[in-house]
2 protein chains.
Amino acid sequence: MVVDALTEAEVNAIFHALADATRRDILGRVLTDEQSVSALARRYEMSFAAVQKHVAVLERALLVSKRRQGREQLVQGEAAAVGRARRLLADYEELWRSRARRIDDLLAEPEPASRTTTSTTPIEGDAG
Amino acid sequence: MVVDALTEAEVNAIFHALADATRRDILGRVLTDEQSVSALARRYEMSFAAVQKHVAVLERALLVSKRRQGREQLVQGEAAAVGRARRLLADYEELWRSRARRIDDLLAEPEPASRTTTSTTPIEGDAG
DNA sequence: CGCATCTACAACCATTTGGTTGTACGTTAG
DNA sequence: CTAACGTACAACCAAATGGTTGTAGATGCG
């Protein structure tokens with residue numbers, strides 16, 4: 001399964017980080033332009049510390065990285081990580097849709113009755 | 001912009017809903033199989049009410065829908081919504097990467113010095 | 001009917017989140 | 001050196017989250 005190259009906790013962190021408009025905005029900006037935390041902070045109507053925390057959340061999700069340059073801390077978006085997040089959903093979608101398709105096929109059966117032994121795709125009960 | 005066919009609040013809701021392992025698991029299951037809330041609840045080591053809340057979060061994000069059948073409430077995954085969420089990230093990625101690529105081009109310049117007037121893509125300051 | 005099941009919802013609690021302010025420390029500019 | 005800037009981090013706070021239990025309304029079954 002391609003999906004679980006990442007821990008559940010990591011997936012949680014990624015989606016959680018993306019679930020806030022300010023953080024998505026920050027991510028968008030630093031993917032374009034490396035920016036210092038204070039430069040970012042100037043753009044939003046909240047304290048420096050608040051922006052600092054948002055950046056920390058993005059960093060924990062590995063969506064951005066920081067590198068120190070003199071007294072500034074430059075925040076850089078990890079474009080690859082965004083791709084990874086997207087692929088993550090794509091994989092889920094693929095996985096889920098392919099399973100769902102089997103159901104669709106069954107539902108599309110013209111004769112729901114009289115098919116008690118022909119089930120080729122048993123859809124395991126997959127107990128937790 | 002394709003992205004903002006959804007409200008920021010809706011995007012928040014989608015990512016928030018996906019930022020929990022139990023909810024992702026529920027979503028996976030109901031994309032495969034329509035299931036009642038209590039059937040879902042039996043699968044997890046938490047109370048019925050807790051699962052009910054998770055389903056409500058998924059529902060608010062439009063990732064699942066419910067339909068009543070007798071005394072049961074059947075939860076059904078909205079495969080289309082998962083695709084929408086995936087496309088959302090794909091759009092972000094596209095947008096961000098295309099902007100980032102301009103930067104990459106500049107950084108890829110073979111001669112960092114002696115090129116002060118040749119900048120063809122000025123990268124507007126994009127003041128907020 | 002009477003009882004079990006499924007659901008809905010309120011009240012409550014601990015923890016996390018998202019914000020604030022204040023303080024301390026390293027770095028750069030004068 | 002001193003002052004200003006950028007950062008880090010702690011303490012604090014209100015609100016949201018994720019869980020619990022309890023109660024009550026529908027629905028189905030014997």
Side-chain angles (χ1 to χ4, degrees), chain A residues 7-30 33-77 128, chain B residues 7-30 33-77 128:
Chain A
T7 315
E8 280 198 339
E10 291 170 326
V11 180
N12 291 355
I14 290 174
F15 284 130
H16 170 67
L18 291 172
D20 179 282
T22 301
R23 285 194 292 264
R24 287 194 302 273
D25 196 73
I26 290 177
L27 180 55
R29 293 186 185 281
V30 300
D33 251 328
E34 228 180 11
Q35 284 185 55
S36 70
V37 181
S38 54
L40 284 170
R42 268 176 242 120
R43 297 183 173 276
Y44 305 98
E45 296 213 335
M46 65 184 76
S47 69
F48 171 82
V51 172
Q52 215 179 8
K53 284 189 185 180
H54 281 306
V55 170
V57 172
L58 288 167
E59 207 179 0
R60 257 177 271 138
L62 302 180
L63 290 168
V64 307
S65 62
K66 290 194 294 187
R67 68 172 240 265
R68 197 174 294 108
Q69 187 182 46
R71 64 183 165 186
E72 292 185 335
Q73 194 82 266
L74 297 183
V75 184
Q76 183 178 29
Chain B
T7 314
E8 281 199 338
E10 290 170 326
V11 179
N12 291 355
I14 290 174
F15 284 130
H16 170 66
L18 292 172
D20 180 281
T22 302
R23 285 194 294 262
R24 287 194 301 273
D25 195 73
I26 291 177
L27 180 54
R29 292 186 185 280
V30 300
D33 250 327
E34 227 180 12
Q35 284 184 55
S36 71
V37 181
S38 53
L40 284 171
R42 267 176 242 120
R43 297 182 174 275
Y44 306 97
E45 297 213 334
M46 66 184 76
S47 68
F48 170 82
V51 173
Q52 216 179 10
K53 284 189 185 181
H54 281 305
V55 171
V57 171
L58 288 167
E59 207 180 359
R60 257 178 270 137
L62 302 179
L63 289 168
V64 308
S65 61
K66 290 193 294 189
R67 67 171 239 265
R68 197 175 293 110
Q69 187 181 47
R71 63 181 168 190
E72 292 185 336
Q73 194 83 265
L74 297 183
V75 183
Q76 182 179 28

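Only this structure's heavy atoms are used, side chains among them; waters, hydrogens and symmetry mates stay out. Letters go in sequence order (proteins before strands), and every chain restarts at 1.
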Counting just side-chain N and O atoms, does [X] come under 4.0 Å of either OP1 or OP2 of [N]?
X       : N     : answer
B:Lys66 : C:dC6 : no
A:Gln52 : D:dA8 : yes
B:Gln73 : C:dT7 : no
B:Ser38 : C:dT7 : yes

A:Val75 vs A:Gln35, side-chain contact (heavy atoms from CB on, under 4.5 Å): CA-CA, chis, key distance, verdict | CA-CA 5 Å; A:Val75 184; A:Gln35 284 185 55; 5.7 Å; no

For A:Leu27, which of A:Thr22, A:Leu18, A:Asp20, A:Val55 qualifies under side-chain contact (heavy atoms from CB on, under 4.5 Å)?
-> A:Leu18

[Y] backbone acceptor or donor facing [X] side chain under 3.5 Å:
X       : Y       : result
B:Gln73 : B:Arg68 : yes
B:Ser47 : B:Ala50 : yes
B:Arg23 : B:His16 : yes

B:Arg29 bridged to B:Asp33 by N-O distance under 4.0 Å =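 Judged by the 4.0 Å cut-off on N to carboxylate O distance, B:Arg29 and B:Asp33 do not form a salt bridge.
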
Base-contact (B) and sugar-phosphate-only (S) positions in nucleotides 16-27 of chain C, heavy-atom cut-off under 4.0 Å, - elsewhere | --SBBB-----B

Grab the CG-P distance between B:Asn12 and D:dT17 for me, whole Å please.
->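 Atom CG in B:Asn12 sits about 10 Å away from atom P in D:dT17.
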
Rounded off to whole Å, could you give me the OH-to-P distance for the B:Tyr44 and D:dG18 pair?
-> 15 Å

